[in-house]
Undergrad: 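Just dropping this structure here.
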Amino acid sequence: MDHSTFKPDYLYQQVITVVKEMVEQELLLPGDKLPSLRAMASRLRVSIPTVQQAYQQLEMTGLVVAREKSGYFLQSGHDTATPRRSKLPAKPVMVNKQQLIEQVYEGIHLPDVAPLGLANPVAAASPQQALAKSMRQAMRQAQERMLDYGAIDGLTMLKAQIVQYYLALGLTVNSDDLIITNGAQEAIAIALQCVTQPGDIVAIESPCYFGIVELVENLGLKAIEIPVCPDDGLWLDDLSAALSRHSIKACLFSTSINNPLGSQMPESRMQQLLKLLCAHDVVLIEDDVYGDLYFGEQRIRPAQCFATPGEVLTCSSFSKTVAPGYRVGWMLAGPYSARAKRFKRALSCSAPMMNQWALADFMASGEFQRHLRQLRKRLYDNKQKMRLAVQKYFPEHVRVSDPKGGCVLWLDLGGAYDGGLFFQLALRAGISVAPGAIFSAYERYRSCVRISYGLPWSAEMEGYVRTLGALVQQAKKQPQPQSV
Ligand SMILES: Cc1ncc(COP(=O)(O)O)c(C=O)c1O
């Protein structure tokens, strides 16, 4: 190749072309180090800053990774943190994770730490101003009605907006079957109580959002874990085997985007899932809180869209899209509505009135959909930047997920490393992360951690990732003393 006849314009782009040619011709293989800046500059007769600009551009596209003090490397392929598929059949267990979750929760919510352990995507692009406008508008309209007890099943105006929201997804919802709750967590708790008794077996995802692990423990239910494929959601053959072996009363799955893996179940698989559950006469409780935070072309619709009445109870909220502090969620309870309303009345009477009024206005004004478009874009950008930073600052063996939506990365530090110890080290360095062990009712994911990119991206954020990367070696498990 003779590159000495480069035109002066966009020299760096021509350097990029050379690197891409080297990749095509397999002169550079995944994981290989690129020629040093100096070597490439002298070979192509361009300046070192030109080569640097080209390498940085390639880094932005994800083709190469910069490693501190080592240089630039060709991306080493698909580094996704695939949860290992258990060879032994999964067994139902009574859950005992609350103490651990409590400790972690305290750490994650400490006021002076960088909250990478929290999954709060809204922080990446807050709709604060538009929401404040809706709140003012609601105060003018509702006046003292805002201070009343509300209806058990929620504010009619908000329910009408949620009915419209589902209509746009092709689902006709009967307003009587829609119940406004205090966040999705309450909706899921009510749904579980509608279809189970203490001691029953509930199938959950593996890994699974720790709030669900804790809820299952609190309701005295047994959990059986079904592994999640990092790309397509649940492994349906594992679920099928579990359904054949055990008397599972309900399945509780995030049908759209899983937290912490960020996997996404295509609609065709969702329909297979429903077929399987129908054959075993098992109810699905779907957790759709992340459904609107997808990175693909369009939203994967909730399973409810493909179900017949009574097959699916859908739970969702505004916590991941608008304001977790508002504590407003909902459930589509179908034939379980009367029972669900009784639980709702017994638990918390109604959801906060002011917040329901404001959210109804926020949706009616078109701000909700506008905000979602912006939030998705911001989260996608953040994901790319956070993945690049992890690849740059973490040791090469660390595997990182490539989420299809949501706001978290799932890292596997490797079997020799302890995610719990890493959590402690990170906290001491002023950063919270969520250790993998809390994402399972079993003793799994001890070498994993979850970190959030649901914050505005900045040099400071990159600095946190650098700090975390430097802590990995210290999180190596200590060898157990040999017994004599
Ligand atoms: C997967 C999942 N489901 C449910 C919830 C609870 O949502 P809410 O804050 O609306 O109660 C969360 C919150 O983190 C979550 O990540």
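Counting starts at 1 for both ligands and their atoms, following the listed order. Owing to the predicted nature of the structure, the values given are computational and were not obtained by experimental measurement. In this chain, residues are counted from 1 in sequence order.
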Undergrad: Got the residues with a heavy atom under 4.0 Å of ligand 1, by chain and number?
TA: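 Under the 4.0 Å cut-off, ligand 1 touches G183, A184, Q185, Y209, N259, D287, V289, Y290, S317, S319, K320, R327.
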Undergrad: Nearest 0.5 Å please: distance from the CD atom of Q272 over to the CG atom of L234.
TA: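 Answer for the CD-CG pair, Q272 versus L234, is 11.5 Å.
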Undergrad: Salt-bridge test for E462 and K392: reply yes if a basic N is under 4.0 Å from a carboxylate O, no otherwise.
TA: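 A salt bridge is present here (some side-chain N lies under 4.0 Å from a carboxylate O).
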Undergrad: Should the pair D292-K320 be classified as a salt bridge under the 4.0 Å nitrogen-to-oxygen rule?
TA: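 A salt bridge is absent here (no side-chain N lies under 4.0 Å from a carboxylate O).
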Undergrad: Any salt bridge linking E367 with K133? Criterion: basic side-chain nitrogen under 4.0 Å from a carboxylate oxygen.
TA: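 Salt bridge: no.
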Undergrad: Take atom NZ in K341; do more than 12 heavy atoms of anything else shown fall under 6.0 Å from it?
TA: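 Atom NZ in K341 is crowded, with more than 12 foreign heavy atoms closer than 6.0 Å.
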Undergrad: Just jot down the salt bridge (Lys or Arg N to Asp or Glu O under 4.0 Å) partners of E267, sequence neighbours excluded, or say none.
TA: R301
